[in-house]
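Written out below as structure tokens is the structure these notes cover.
Throughout, residue positions are numbered sequentially from 1 according to the sequence presented.
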Amino acid sequence: MDRRWIQNRNRCADEYLDGIEDFIEFARKHNPGATRIRCPCRRCNNTLWETIENVGFHLVRNGMIETYSIWNLHGEQLEHASSSNATRVDNVQPIVDANDQVMDIIQDVFPFASTNMNQEEQDDVPTSIDSAEFEQYEKLLKNANQELYPGCKSFSVLTAIVELMHGKIKYRMSNLCFDYFLGVFKRMLPTDNCLPKDHKQAQKVLNGLGLGYEKIHACNNNCMLFYKEHESLDTCPVCNESRFKMTSQNRTTKIPQKVMRYLPLKPRLQRLYMSTHTATDMRWHKEKRVDDDVMLHPADREAWKEFDRTFREFAADPRNVRLGLATDRFNPYGVLNQHHITWPIFVFPYNLPPWKCMKKEYMMMTVLITEDPRRSIDVYLRPLVDELKDLWTNSVRTYDKSTRKMFTLRAAVMWTVNDFPAYAMVSGWSTKGYMACPICKEDVTSGWHAGKVCYLGHRRWLPWDHEWREKDKEFDGNTERRLRPRE
């Protein structure tokens, strides 16, 4: 069967639409009675299951994976594939069960756990993990090899927890609802099953996979964080406000006034290269992007190219990460009369292909501020700024799964994505008042008129010999002799 239609960029062409119909017919024939099949569109990537009708819609909207020319995940036998497509077999994902996928996750988290601990560190030999990490690895491996109940071959303890937690997050299930169904499942299974009894115990098992967060106390007046050199203080050195709330003397634990959650960035960037699913894609902007003067990716922008010309050492290694940072406030409860504001701060890697870099799976939350920081968001950004500075100057040793070698990873924030009020919060430049323009800054022409701040001086953009520059009475009473601002 000719499958060159998969490479057709025009998804409205008759050839492409006929090819989709052939694929749907093939899937129905080889999966009789199935209501859901794997979706091979570029977004689902053969990992999500959809109804056959939705699969056809996804293929028109997103396009099919260009390397998926042998439909082995939908019933085609590899030995019956045509010889013209034989070279593409390596690019097709093999069929794996849930237990194998969980083992792949563990290998991604600990790619060199089995290395000899006495091996000398070289560029092509990953560094050994310490005893604490190795203990976490052994615990995960034990849960991955332990049967859910005696005689169960399809699910291990870790596989069952991963599947259940994935469903909880995907369908936005509350912890209370998750605890209820977990108790029901535990009663359904044989009495000697090893399923955790609640969400808290399930989380303890998954803690070994890493990517946790830190709780950092903050001053009640947003003056500072009790962080690094101020970590041991009980009062704010700026306003003398107490770090903890007033509680009864019989209480043994102290309750902080304010708490922010910080999710370290380094391990999340390292995980992108330690995983087989993203290690190669992180170099897409350099190795696979087609430079055809069409803007499909931030790497096509002049700002990216100017950054490469300015910082040649950084640009020499395509594995160095270009980041975007975005934040805004919102009410997570959706109740307008409730005075609660949350500020999440996300970063996302622009190294990935355009169909991945802005997906929610690759957006990394780094800071979660659960109370309104007002004008002091820079105080809460300090841990992230410190880590970004360290990634720029000192870098971090990272294992690249695709090349099986260590390299020094650096990162830089190239853009921020905000609305105008959030821009003022993050940049520190007020976007209202007499100097509201962040481009003109102090050189802006503004004045008070009719109870509002008005912005004048637009004659600066006219040609130097324009007659309106000489007119004063018709405008603000002054002739305009200034040059236009530098863009």
For this output row, return yes or no: ring centroids of Trp429 and Tyr423 closer than 6.0 angstrom.
-> no
Looking at Val444 and Tyr434, what are the two nearest heavy atoms and their distance?
-> CG1-O, 3.2 Å
Are the side chain of Tyr380 and the backbone of Ala218 linked by a donor-acceptor contact shorter than 3.5 Å?
-> no
Are the side chains of Arg43 and Trp355 in touch, meaning some heavy atoms are under 4.5 Å apart?
-> no
Exam field: side chain Asn143 to backbone Lys139, donor-acceptor pair closer than 3.5 Å = yes
Salt-bridge criterion met for Arg382 and Asp386 (N-O under 4.0 Å) | yes
Under 3.5 Å: donor-acceptor pair, side chain of Asn221, backbone of Cys223 = no
Can Lys305 and Glu302 be counted as an ion pair, charged N to O under 4.0 angstrom?
-> no
Is Thr47 reaching over with its side chain to a backbone N or O of Cys44, donor-acceptor style, under 3.5 angstrom?
-> yes
Looking at side-chain heavy atoms only, is the closest gap between Leu269 and Leu391 below 4.5 Å?
-> yes
Charged N to carboxylate O below 4.0 Å: is that the case for Asp198 and Lys186?
-> no
Answer yes or no: is there an ion pair linking Arg283 with Asp400, defined by an N-O contact shorter than 4.0 Å?
-> yes
Do the non-hydrogen side-chain atoms of Gln257 and Glu241 ever get within less than 4.5 Å of each other?
-> yes
Answer yes if the ring centres of Tyr149 and Phe155 are under 6.0 angstrom apart, and no otherwise.
-> no
CA sep, side-chain torsions, deciding dist, call: Arg482, Thr445, side chain to side chain donor-acceptor pair (under 3.5 Å) | CA-CA 11 Å; Arg482 295 176 298 172; Thr445 303; 2.8 Å; yes
When you look at Lys356 and Glu361, which way does the side-chain contact (heavy atoms from CB on, under 4.5 Å) test go after all the steps?
-> CA-CA 8 Å; Lys356 283 187 176 182; Glu361 293 85 356; over 6 Å; no
Cationic N near anionic O, under 4.0 Å, Arg410 to Asp317 | no
Distance only, no hydrogens: is a donor on one side chain within 3.5 Å (strictly under) of an acceptor on the other, for Lys168 and Asn175?
-> yes
Tell me, do Glu442 and Met435 make a side-chain contact under 4.5 Å, heavy atoms counted?
-> yes
How many angstroms lie between atom CG of Leu296 and atom CZ of Arg301, to the nearest 0.5 angstrom?
-> 13.5 Å
Would you confirm whether the ring centroid of Tyr350 sits within less than 6.0 angstrom of the ring centroid of Phe348?
-> yes
Asp281/Lys288 ion pair, N-O < 4.0 Å | no
If you count the non-hydrogen atoms of other residues, nucleotides and ligands that lie under 6.0 Å from CZ in Phe330, is the total more than 12?
-> yes
For Asp179 and His199, indicate whether the former's side chain and the latter's backbone hold a donor-acceptor pair under 3.5 Å.
-> yes
Does any donor atom in the side chain of Asn222 or Lys258 lie under 3.5 Å from an acceptor atom in the other side chain?
-> yes
Is the ring centre of Phe307 less than 6.0 Å from the ring centre of Trp415?
-> no
Side chain of Thr310, backbone of Glu306: donor and acceptor closer than 3.5 Å?
-> yes
Would you sort out whether Asn418 and Asp328 count as a side-chain contact (heavy atoms from CB on, under 4.5 Å), showing the intermediate values?
-> CA-CA 7 Å; Asn418 315 106; Asp328 201 0; over 6 Å; no
Using 4.0 Å as the upper bound for N to carboxylate O, is an ion pair formed by Arg42 and Glu66?
-> yes
Crowded around Leu176 CG? As in, over 12 foreign heavy atoms under 6.0 Å?
-> no
Is the closest basic N to carboxylate O distance between Lys389 and Glu387 below 4.0 Å?
-> no
Looking only at heavy atoms, what is the nearest atom pair of His297 and Pro353, with distance?
-> CD2-C, 4.2 Å
